[in-house]
Amino acid sequence: MLIKINRNCFWANIFFDQLAECGVKYACISPGSRSTPLTYALSQNKKIKSYVIVDERTSGFFALGVAKKTNSPVIVVTTSGTAAAELYPAVIEAYQNRVPLIICTADRPSRLRNSGANQTINQDHLYNNHTRFFYDTGLPKLDLKKIRQLKEAAINAFDICSKQYIGPVQINIPFEKPLEPNSFTDEIEETILLESLPDELTTDYKQPKISTEQREIKLVADLLRKSSNGLITIGPGNFSDSFFDNLENFSLKYSLPVFSDASNGLRFKTKPLSNLIANYDALLRSESFPKLFSPKFVLHYGRTLTSPKLDVFYSVVRPKGIIINRFADVHDPTRKFKVLKANEELFLEYLSNSADVKQNDFSPHLKALKFLDYEIDKLKPEIFSISKKINETGLLLNIIDSIQPNSNLMIGNSIPIRDLDFFSSAVHKNINVFQNRGASGIDGITSTALGICSQSRNPTYLVTGDLSFYYDINSLLIAKQYNIPLITVLINNNGGAIFKFLPIAEYKNVFDKYFLTSTNLSFKKLTEAFEIDYKELKSQSDILNHIKVSSVRRKPAVFEIKTNANYSLSLRKKYWKKSNKLIENFLRNYEA
Ligand SMILES: Cc1ncc(C[n+]2csc(CCOP(=O)(O)OP(=O)(O)O)c2C)c(N)n1
Ligand SMILES: [Mg+2]
């Protein structure tokens, strides 16, 4: 029996059915004509939930958020032309932060490139250096071999982006008109129909064994044997609970302090990490600190830490540095660290259990570091109090204190992520922190937070700056359309106040116009234009009440808090001065 089909739609169905069979559950689709077969196929797919998002840039970042929260690949569909290019920022972030995205760019037939054909660009390797895999399916063909190749491409894309390399992949899919399902182009035999069914994945893909090689173990074991004077640093990253469990065992066994960036969530785990030094940045800001602690070696996990002071510290103490991660990614701008390709968890577990390594049962420094960490914590409530006057750091600390356990927190770039890293203490209520530190853009922060929130039953909070919020304002349409209950805390200091930390702030003739770039926008009007609840919060009690109440409303809300950047900066400086003094005083007695 012959069956009438439109070959483009048939092709798109095969591709997405195969991805659904692999386990893909979500897609983000932006409107367009050339992508009609892709859009139509997804609209009919029962296993893949689709979000329809007009603006491709926000779509890419929303997908990034969904992929981050679910730890699994998300499909993004665009039409041809600049629409596909709009995804580039999200693709870069996904590449550098290892988040799985399957970018499907619809295209015109390749013969139309450079011909003046409408909405036609060169989409071949469009995101050139920022994808883990590129495949052009070619125009749909109905022979068995081509269909098999298409399914293989889907399986390959899935495996590469979610298991082998983790990151974005691009599948370019050209179509010739007609594009609609009932515009029949072919009549096919049943054999082809059978071949088009998705291949069952008989065995689950096995992660290639990333062994902790003996040679590598030996290197670290030697370091541990020679000296107990070491340090563990944990940068931003997506770490499992078992990684943290192994870290606890390992750091306890060898009495090693742990400096952890706040954006990996380690500071906010329910189970405290015994050797965590949350105030590592404050310690590093003391020039005398190397007199107290001068580690001979550093074991580093995750991306580069937020604190700029770590590199300065290393240039003084010159430790032997080792980075451990499964992809051998380099996260060391100084390029002085050696990179070991090893599974992070297994590596720690192996070292903790290794009979080969003698246990160090003393550390001359750990006690002192813990004491200082504790004392520095005590400076914060008074300096950053917001009971009389709001300041940015105090605001963030209050939010951390008042959000519910098990909440998600997306932390915007610029000052919010620095305030979180430099000033937040350990709080044990399991806050899951998310960041876009892959490339640290301010472009897709709200969209990413919405993607995270869309996949969680627990409250999701976003803390973001005013320029970042403005930049991604289009994302509010997603919040409205899908009623995503993101609670946005918009810290409005009217411009890019981060630049006030820099020497350029002294150049009064250029600073305000070219760097601070105040927008003077009414965020109330902008937010309400999207029919999203808005409220300006002015006092501590206002802030605490609304943060608590908003989490049960299950509706998106934007809370704007206007802050004075200069006042906020003066308090940070006051804190650093006091913590510095505390460290100096301690050292005086310590040495005596
Ligand atoms: C896409 C992008 N453009 C420009 C920058 C450079 N940049 C870093 S921070 C910043 C200002 C952010 O301002 P705001 O969101 O208000 O945060 P604040 O500095 O006030 O905390 C800019 C423009 C960037 N990181 N990403
Ligand atoms: Mg700002």
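Start at 1 and go down the list; that is how both ligands and their atoms are numbered. Because only heavy atoms are used, hydrogens play no part in the values below, and waters and symmetry mates are left out as well, while side chains stay in.
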Close side-chain approach of [X] and [Y], heavy atoms under 4.5 Å:
{"X": "N325", "Y": "H331", "answer": "yes"}
{"X": "L420", "Y": "F268", "answer": "yes"}
{"X": "N97", "Y": "N238", "answer": "no"}

Open item on the list: Below 30° counts as parallel, above 60° as perpendicular, anything between as tilted: where do the rings of Y88 and Y127 land?
Closed with: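 Correct class here is perpendicular.
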
* To do: Please state whether the rings of Y482 and Y51 are parallel, tilted or perpendicular, taking 30° and 60° as the class boundaries.
  =>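 Perpendicular.
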
Sequence neighbours excluded, the answer for salt bridge (Lys or Arg N to Asp or Glu O under 4.0 Å) partners of D419 is R572

R267 meets the side-chain hydrogen bond (donor to acceptor under 3.5 Å, both in side chains) criterion, sequence neighbours left out, with D421, S424

Checked the Mg ion (ligand 2): protein N, O or S atoms closer than 2.8 Å come out as D466 OD1, N493 OD1, G495 O

Tested for side-chain hydrogen bond (donor to acceptor under 3.5 Å, both in side chains) against N494, the lone hit among T563, N520, D466 is N520

Counting only non-hydrogen atoms and a 4.0 Å cut-off, the residues near ligand 1 are S414, I415, P416, S440, G441, I442, D443, G465, D466, L467, S468, Y471, N493, G495, G496, A497, I498, F499

Exercise. Would a line drawn from the ring center of F423 to the ring center of Y575 be shorter than 6.0 Å?
Worked result: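 Centroid distance F423-Y575: below 6.0 Å, so yes.
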
